[in-house]
Engineer: 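Submitted below is the structure of interest, expressed as structure tokens.
In what follows, chains carry the letters A, B, and so on, assigned in the order in which the sequence lines appear, proteins first and then strands, with residues in each chain numbered from 1. For the numbers below, each heavy atom of this structure counts, side chains included, while hydrogens, waters and symmetry mates do not.
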Amino acid sequence: MIQDIIFSEVNGCYVEIEHGTELRSVRFIKTAEKLMESKTHKITFELDEYFNGKRYDFSCSYDVPGLSAFARKVLNETRKVKYGSTITYSELAKRIGTRAVQAVGSALAKNPIPIIIPCHRVVAKNGIGGYSAGIDFKIQLLEFEQKTLMGDNL
DNA sequence: GACGATAGCCCTT
DNA sequence: AAGGGCTATCGTC
């Protein structure tokens, strides 16, 4: 198991990417100290591009064991949400054919690979909803995506 | 209206 | 058996 580290200007924190041959997990690291960046895996470079506004989607092979069938459904559906757009928990639930809206939220809360699976693009019907790493992150990510898309259209 | 409490949803632990 | 990254609904003000 190897850990890559990159810095994200978007939310001003480090991002740790854990992988074997395939991507295993992504975590945000809030720390004051300066960390050494390390980029070995393809997905790390892609994430780096993402945080620089130069990539809108990811090559998708990842290896995340221990997820229930339900959680997989939720995450798969979430992957389809396009860069810069959002979907509500209830709409997502509808798409995978369940009324368990809150269970959808719980599944997203355990998303092992944020950004790649864009759980930040899933919002509450009235409001923003939650985010494991803090809703401020979520807001920053969404604003960032909006901003970069605008830049492209000009 | 707006806001808070409540009661359902159904998966997870 | 309890509790969630939710929501629709029903009291209050």
Side-chain angles (χ1 to χ4, degrees), chain A residues 1 3-20 22-33 35 41 43-44 46-150:
Chain A
M1 191 77 77
Q3 291 179 2
D4 283 3
I5 305 262
I6 58 177
F7 186 75
S8 155
E9 298 287 351
V10 175
N11 40 18
C13 74
Y14 287 93
V15 183
E16 179 197 81
I17 301 98
E18 222 169 58
H19 62 88
E22 307 212 324
L23 173 63
R24 288 300 272 281
S25 72
V26 171
R27 287 187 305 169
F28 296 112
I29 304 179
K30 303 165 190 170
T31 175
E33 62 183 309
L35 298 183
H41 198 279
I43 199 69
T44 305
E46 294 190 3
L47 272 172
D48 205 25
E49 288 173 2
Y50 170 87
F51 286 121
N52 287 311
K54 292 174 184 162
R55 173 171 281 275
Y56 294 167
D57 47 45
F58 301 97
S59 64
C60 64
S61 61
Y62 45 83
D63 174 26
V64 283
L67 291 179
S68 68
F70 179 82
R72 268 173 215 291
K73 260 200 219 168
V74 172
L75 297 182
N76 277 338
E77 198 62 38
T78 304
R79 278 212 74 219
K80 298 181 191 162
V81 183
K82 289 203 295 281
Y83 189 95
S85 65
T86 59
I87 186 179
T88 61
Y89 294 99
S90 45
E91 174 63 21
L92 185 53
K94 197 161 94 186
R95 287 194 191 174
I96 63 174
T98 179
R99 271 188 303 167
V101 175
Q102 200 157 5
V104 168
S106 308
L108 286 169
K110 293 176 209 129
N111 177 12
I113 44 177
I115 309 294
I116 317 294
I117 291 172
C119 53
H120 59 280
R121 295 180 197 144
V122 187
V123 299
K125 195 154 194 183
N126 297 304
I128 185 73
Y131 199 64
S132 331
I135 60 168
D136 43 338
F137 274 25
K138 186 174 188 171
I139 292 166
Q140 285 164 340
L141 288 168
L142 289 173
E143 285 180 347
F144 170 71
E145 295 192 354
Q146 285 297 327
K147 205 170 57 185
T148 49
L149 270 189
M150 295 293 185

Engineer: Stepwise, does the ring pair (Phe, Tyr, Trp, His ring centres under 6.0 Å) test hold for A:F137 with A:Y131?
Structural biologist: CA-CA 8 Å; A:F137 274 25; A:Y131 199 64; 7.1 Å; no

Engineer: Any non-hydrogen side-chain atom of A:D63 less than 4.5 Å from a side-chain atom of A:P65?
Structural biologist: yes

Engineer: Are the side chain of A:R121 and the backbone of A:L142 linked by a donor-acceptor contact shorter than 3.5 Å?
Structural biologist: no

Engineer: So A:I117 and A:Y62, do their side chains get closer than 4.5 Å, heavy atoms only?
Structural biologist: yes

Engineer: Ignoring hydrogens and angles, state whether a donor on the side chain of A:Y50 or A:E145 is under 3.5 Å from an acceptor on the partner side chain.
Structural biologist: yes

Engineer: So do A:I115 and A:F58 actually touch side chain to side chain, heavy atoms under 4.5 Å?
Structural biologist: yes

Engineer: Rounding to a whole Å, what distance do you find between A:L75:CG and B:dC11:P?
Structural biologist: 15 Å

Engineer: Taking a pair as Watson-Crick (N1 to N3 plus N6-O4 or O6-N4) or G-U wobble (N1-O2 and O6-N3), both under 3.5 Å, which stems of 3 or more consecutive pairs involve DNA chain C?
Structural biologist: B:1-8 with C:6-13, B:10-13 with C:1-4

Engineer: Is any NZ, NE, NH1 or NH2 atom of the basic residue among A:E46 and A:R55 found under 4.0 Å from an Asp or Glu carboxylate oxygen of the other?
Structural biologist: yes

Engineer: Across nucleotides 5-12 of chain C, 5' to 3', mark each nucleotide with B, S or - according to how protein heavy atoms within less than 4.0 Å reach it.
Structural biologist: BBSS----

Engineer: Any ion pair linking A:R95 and A:E91 (charged N to carboxylate O, less than 4.0 Å)?
Structural biologist: yes

